[in-house]
Amino acid sequence: MNCIVFFTVTAYLDDILPLIFEFKKANIISSVVFITTEKKWFNNIKQNVVLCDGIKTVSGKLTYLNKYKNRYLNLLYQVFILRKLFYSKVLTIETKSGITKSRLLSIVLKYNRKYRKGQRILSLLRNIPPRSSVNICNYYWSILGKPESKEVKIEGYDAALLTVSREQYEQSRDVKLITSTRIIQVGYTRSLNEWKQFVDNYTSDYIKDEITTPYFFLPLDVIGVWITGEKCASGDVKLEECLATLKEYNRDILTVFKPHHKTDIKKAQEILDSIGYENYVISYLHPLILMKNAKFTLTCNPSSLLVEAYLNGCTTVEYADYDVRYNRLSYEKPIYFGCVDYFICRDKEHLRQVVGKLVYDGNNVKNKPKEFGEEVPILSSKEIRYKFNWL
């Protein structure tokens, strides 16, 4: 069966691509096209050589819909890109944000399902533990105010994918799913076997050309205000404080920065230059590649990459300054509670001590915590095939 994956931001592809690896191995799909909505997301993914090579490994193609500014040229181009939906049965996997805003795409997807017997899957994947999902919602709600519990209708799909159980999803977001659609829990897709093997086989090849060891991994996030109305230090202030402390170790360890799609890279470079930071590289390799051989992963914002680093045995450090209203709710615990080895609440001396210990004492690889597997299962290839034997 032909497969088309529609997505917006890169994070959605990070969640879905490992599942496509499993589909390909099980011969559930024959060919696959990954389609994003905007050129900026396409360019963002093209920078990530690991994702691009992953797409090639499953014999996939990557493209985007809105190529032209001229409305009519763009319409013709979209018809060409979506042509398989007109004449063949297609399995589509769609992320929830911004996909069906295109009237043409919405019509064609419904047509393929009704007249070509195609099947549509809605991805609601979010590869973080349920309690962290609750914490993230609580953080937003503590600042913006908690909305009323709402009902979310899912119609026109053959299945919806969840990382956690339906009950956990509803509880963590305070929503009620209204649907007769098949709900499939696929667990933590970023640790699926075929994807992990692909990454393990090529990690050394990716790293050897641009990164020397030892190094630590510092993913960049929003440089500025994370949420309007926060009562805490902004992202640029925390980054400046971190770098001023980390600079002391420039001679002894390489720093590897990985920009997020929301990172103002120009502003980040200005901060690096103003501090006189040395011995660093800015890499667009996949975060999983970067954290696998890092002595530790350090973030200046709560990031889901802390979960991935922790699961892959990399020591995690978060330099935090949360909104005071959230701190009262959380008793000053990290949002990704249980996945942060060193939680430092804007204490530069504490950061200096922790980093010094990690730089000179090395990284002891940890085993995957049992409690995480209980919260978010990691499925085997056999379990994936069983859950999708209806296709």
For this session: Tell me, with the steps shown, if Arg126 and Asp15 meet salt bridge (charged side-chain N to carboxylate O under 4.0 Å, His left out).
Result: CA-CA 7 Å; Arg126 198 179 194 194; Asp15 295 335; over 6 Å; no
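- Asp158 and Arg113 are joined by a salt bridge, as a carboxylate oxygen and a charged side-chain nitrogen come within less than 4.0 angstrom of each other.
- Legend: residues meeting side-chain hydrogen bond (donor to acceptor under 3.5 Å, both in side chains) with Asp273, ordered by chain and number and at least two apart, are Gln269.
- For the residue pair Tyr322 and Glu332, no side-chain donor N or O sits within less than 3.5 Å of a side-chain acceptor on the partner.
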Exercise. Salt bridge (charged side-chain N to carboxylate O under 4.0 Å, His left out) between Glu383 and Lys387: does it pass, once the steps are laid out?
Worked result: CA-CA 6 Å; Glu383 289 172 315; Lys387 285 179 177 282; over 6 Å; no
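- Salt-bridge formation is not detected for the pair Glu22/Lys25: no Lys NZ or Arg NE/NH1/NH2 atom is positioned less than 4.0 Å from an Asp or Glu carboxylate oxygen.
- Asp323 is linked by a salt bridge (charged side-chain N to carboxylate O under 4.0 Å, His left out) to Arg325, counting only residues two or more places apart in sequence or in another chain.
- Grouping Ile, Leu, Val, Met, Phe, Trp and Tyr by side-chain contacts under 4.5 Å, direct or through others, puts Tyr111 with Tyr115.
- A salt bridge is defined here as a Lys NZ or Arg NE, NH1 or NH2 lying under 4.0 Å from an Asp or Glu carboxylate O, and Glu308 with Arg190 meets this definition.
- Taking the six-membered ring for Trp and the full ring otherwise, Tyr12 and Phe7 have centroids separated by 6.0 Å or more.
- Side-chain contact annotation: Asp53 with Tyr206, donor-acceptor N/O pair under 3.5 Å present.
- At a threshold of 4.0 Å, the pair Lys348-Glu241 does not count as salt-bridged, since none of the basic side-chain nitrogens sits closer than that to a carboxylate oxygen.
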